[in-house]
2 protein chains.
Amino acid sequence: MAPTIKHVAKLANVSVATVSRVINQSKKVKQATRIKVEQAIEQLNFTPNALGRNLSTAHTKSLGVVIPSLSNPVFADAVSGINQQAKSRGYTLMFTSTDYVAQDELQAVTSLLAYQVEGIILTVANPIDNQALNLLIKNKIPYVLIYNQASDAQHPVVTIDNINSGGGVAQKLLDLGHIKLAMISGNFAASDRARARKQGFVDTITSAGHPTPLIIEVDFIEPDLDEILPPIFADPFTAPTALFCSNDLLAISVIGALGRMGLNVPHDISVIGFDGIAIGAHLHPTLSTVIQPSHKMGLVATQQLLDNINGQDYHKTVILPHIIRTGESAGIVPSVQINL
Amino acid sequence: MAPTIKHVAKLANVSVATVSRVINQSKKVKQATRIKVEQAIEQLNFTPNALGRNLSTAHTKSLGVVIPSLSNPVFADAVSGINQQAKSRGYTLMFTSTDYVAQDELQAVTSLLAYQVEGIILTVANPIDNQALNLLIKNKIPYVLIYNQASDAQHPVVTIDNINSGGGVAQKLLDLGHIKLAMISGNFAASDRARARKQGFVDTITSAGHPTPLIIEVDFIEPDLDEILPPIFADPFTAPTALFCSNDLLAISVIGALGRMGLNVPHDISVIGFDGIAIGAHLHPTLSTVIQPSHKMGLVATQQLLDNINGQDYHKTVILPHIIRTGESAGIVPSVQINL
DNA sequence: ATGAAAGCGCTAACAG
DNA sequence: CTGTTAGCGCTTTCAT
């Protein structure tokens with residue numbers, strides 16, 4: 001049995017209250033007794049049981065994290081930022097990934113609540129009328145969304161402007177002379193940001209008077225691109241000359257699949273991704289993409305959350321700036337190139 | 001104030017014991033009372049407080065995870081496997097990354113112990129005489145190492161054979177005709193597996209009668225390769241023709257830096273990485289590397305740990321198979337190529 | 001400065 | 001089948 005505060009008290013010949021005071025650095029303990037207690041603690045190799053403390057104080061110094069996947073560096077980087085900030089403020093993290101299963105969100109949050117986390121940072125499939133979020137609200141547990149689209153300021157969120165950035169991608173492609181555009185995305189149902197990016201992308205294109213781009217929806221986990229892509233490029237007259245991918249991981253796979261189809265990027269077709277994962281800059285061709293500040297997003301979200309928890313001022317909505325990185329994977333439209 | 005078991009009991013006109021029985025699916029409750037209680041629970045929107053239960057049962061259903069970094073997909077994948085297995089067994093995860101700061105290991109484990117996790121999965125800088133590990137042993141907390149070198153079966157570990165795989169890389173390079181070899185690695189002090197890989201690499205080379213390869217140690221977080229690499233290739237007579245990188249992320253950066261130096265991989269120099277991160281297969285050139293089954297490692301480690309916790313049989317040491325992937329980044333030695 | 005005791009939310013004998 | 005009660009380990013008044 002692990003030693004408890006009682007064992008320490010007995011060994012040091014003091015009351016448990018005094019031991020508690022020593023543990024909690026209370027100033028109101030005589031130097032002599034403090035030393036006595038510290039020696040007993042040392043001797044018994046005593047570590048305070050946080051459960052007892054937490055139950056007593058109703059204050060766990062822990063935060064929950066719920067994200068769709070760790071396999072995407074974008075989320076891993078955010079968790080890294082969360083970890084850094086939480087650690088520096090003395091908070092512990094309880095972590096779950098849902099693997100893009102929306103139903104798991106509720107279960108994850110329920111579990112986190114049972115463990116009495118003081119707040120939760122999450123990315124959900126869809127914040128609108130979301131069960132997990134409703135539960136959080138009902139229980140008055142502070143939370144902040146990351147990555148999710150900022151919807152009507154309904155929820156505290158730290159994110160980027162997905163609509164605007166999707167539009168930026170479209171504009172960039174149009175500027176390069178592309179007209180036959182397409183977007184390929186993970187399940188829209190599993191990602192409100194993908195939907196927002198699509199919206200910005202499509203709106204910008206149609207506003208410019210061009211036809212609505214082709215939208216291709218694929219599975220988040222294992223898209224079978226070798227099956228999906230060829231038909232799209234079967235007819236050279238309708239085949240898109242540029243492809244916007246809803247995330248970098250997908251873009252990288254797409255470039256690979258196009259290669260297997262004999263299509264060269266960017267010579268035959270341009271590809272732009274989204275996320276700005278570090279590795280994109282090392283690829284060949286280097287990946288054109290929208291960089292979101294993932295690490296910072298996690299960091300800022302944690303700051304906001306902790307400020308909220310501690311009753312300090314915080315911003316309900318934080319939109320971090322994104323950067324469109326011009327890589328080699330997006331170039332001028334093939335026909336124009338030929339005319340040069 | 002969140003409702004407690006007492007509130008539910010009062011509303012349902014039963015004792016707290018009965019409520020507890022309902023919550024815990026005990027069969028010994030009459031159908032009628034069960035329904036009464038469930039309605040009260042529903043009505044009050046009651047969620048059991050795990051702290052109370054945990055304190056009472058001395059059983060938290062939670063596991064700790066301590067890894068060096070989430071920025072490396074290798075660890076993210078392992079955590080993904082851990083998460084999957086833990087979730088399916090009803091365990092919650094408490095997570096910390098140390099960012100390669102060895103001193104943080106002890107602090108992380110101490111904190112996890114305070115929260116009474118039932119077991120811990122970790123990757124440490126050096127398992128030999130490791131403070132965090134000693135603490136775990138002293139407190140009799142089950143744990144299992146992942147990635148770490150299996151050292152004298154001192155610690156339960158799920159890993160690959162780093163020495164053998166390092167040797168495999170050397171052999172492959174020798175087979176390709178390379179003789180002037182070098183290894184570039186993150187701080188050896190922060191990674192026992194890097195040391196093991198080096199050992200296998202060096203031993204195989206010297207055993208084959210070749211000179212000891214050049215060993216270059218760089219920072220794990222931000223190696224300044226543009227500074228470090230050029231001098232090594234200044235003299236074409238001593239410059240290595242093949243480079244073994246201790247991990248894929250490093251290998252990718254190295255290939256980038258070599259490119260900026262005007263050196264082409266694999267034409268001018270071969271590069272082999274280590275880890276087998278998914279993206280390596282999509283690079284150009286595709287990355288030659290040693291694939292470790294990261295997801296599975298996390299999965300198996302969690303299985304082992306839970307089996308241990310639940311008093312079932314488990315294997316103290318599990319060596320998972322690795323695969324050397326032949327990618328385009330490693331080719332035959334330049335001089336040989338010229339002679340063709 | 002220190003101790004006694006109540007209580008945090010829940011479980012687990014033990015009765016009945 | 002259900003209720004009573006004694007903790008689990010710790011904090012926190014309230015006395016002393």
Atom-pair distance (CG on B/Asn24; P on C/dT11), nearest Å: 5 Å
Side-chain touch B/Val22/B/Val14, heavy atoms, less than 4.5 angstrom: no
Atom pair distance, as rounded to whole Å: NZ in A/Lys61 and P in D/dT11: 14 Å
Student check: side-chain heavy atoms of B/Gln31 and B/Arg34 closer than 4.5 Å: yes
Below 4.0 Å: OP1/OP2 of D/dC8 and any side-chain N or O of B/Asn54: no
A/Asn54 vs A/His59 side-chain heavy atoms within contact, under 4.5 Å: no
Result block: side-chain N/O donor-acceptor pairs under 3.5 angstrom for residues 68-76 of chain A, not counting sequence neighbours:
| from | atom 1 | to | atom 2 | distance (Å) |
| --- | --- | --- | --- | --- |
| A/Ser69 | OG | A/Ser71 | N | 2.9 |
| A/Asn72 | OD1 | A/Val74 | N | 3.1 |

Separation of C/dG9 P from B/Phe46 CZ (nearest whole Å): 10 Å
Side chain of A/Leu55 (C-beta onward), nearest among C/dC8, C/dT11, D/dT11: C/dC8
Axis deviation across the helix from C/dA1-D/dT16 to C/dG16-D/dC1, five-pair ends, to the nearest 10°: 40°
Under 3.5 Å donor-acceptor pairs involving side-chain atoms of residues 94-104 of chain B, not counting sequence neighbours:
| from | atom 1 | to | atom 2 | distance (Å) |
| --- | --- | --- | --- | --- |
| B/Ser97 | OG | A/Asn83 | ND2 | 3.0 |
| B/Thr98 | OG1 | B/Tyr100 | N | 3.3 |
| B/Asp104 | OD2 | A/Lys87 | NZ | 3.0 |

Side chains of A/Thr159 and A/Ile319 in contact at under 4.5 Å (non-hydrogen atoms): yes
Check: B/Ile128 main-chain N/O paired with B/Asn126 side-chain donor or acceptor under 3.5 Å: yes
Main-chain N/O of A/Val16 paired with A/Ser20 side-chain donor or acceptor, under 3.5 Å: no
D/dC10 OP1/OP2 closer than 4.0 Å to side-chain N/O of A/Lys6: no
Touch class at under 4.0 angstrom, heavy-atom based, for A/Ser20 against every strand present: base
Could you tabulate the donor-acceptor pairs under 3.5 Å formed by side-chain atoms of residues 133-144 of chain B, not counting sequence neighbours?
| from | atom 1 | to | atom 2 | distance (Å) |
| --- | --- | --- | --- | --- |
| B/Asn134 | ND2 | B/Asn130 | O | 3.4 |
| B/Asn139 | OD1 | A/Asn45 | ND2 | 3.4 |
| B/Tyr143 | OH | B/His155 | ND1 | 2.6 |

Interface with DNA chain D, restricted to residues 108-116 of chain A and to heavy atoms under 4.0 Å: none
A/Ile23 CD1 to D/dG9 C1', straight-line distance once rounded to whole Å: 10 Å
Return the polar atom pairs (N/O with N/O) between nucleotides 2-4 of chain C and the protein under 3.5 Å, or none.
| from | atom 1 | to | atom 2 | distance (Å) |
| --- | --- | --- | --- | --- |
| C/dT2 | OP1 | A/Thr33 | OG1 | 2.8 |
| C/dT2 | OP2 | A/Lys30 | N | 2.7 |
| C/dT2 | OP2 | A/Thr33 | OG1 | 2.9 |
| C/dG3 | OP2 | A/Ser15 | N | 2.8 |
| C/dG3 | OP2 | A/Ser15 | OG | 3.2 |
| C/dG3 | OP2 | A/Thr18 | OG1 | 2.7 |
| C/dG3 | N7 | A/Arg21 | NH1 | 3.4 |
| C/dG3 | O6 | A/Arg21 | NH2 | 2.5 |

Between D/dG9 (P) and A/His59 (NE2): distance, integer Å: 22 Å
Side chain B/Thr123, main chain B/Tyr147, donor-acceptor under 3.5 Å: no
Gap between atoms NZ and P, on B/Lys36 and D/dC1 respectively (whole Å): 14 Å
Side-chain heavy atoms of A/Asn24 within contact of A/Arg53, under 4.5 Å: yes
B/Gln304 side chain to B/His315 backbone, donor-acceptor under 3.5 Å: yes
B/Arg53 side chain near C/dG9 phosphate (N/O to OP1/OP2, under 4.0 Å): no
Under-4.0 Å side-chain N/O to phosphate OP1/OP2 contact, B/Asn49 with C/dC8: no
Spacing of A/Ile5 atom CD1 relative to D/dC10 atom C1', expressed in whole Å: 5 Å
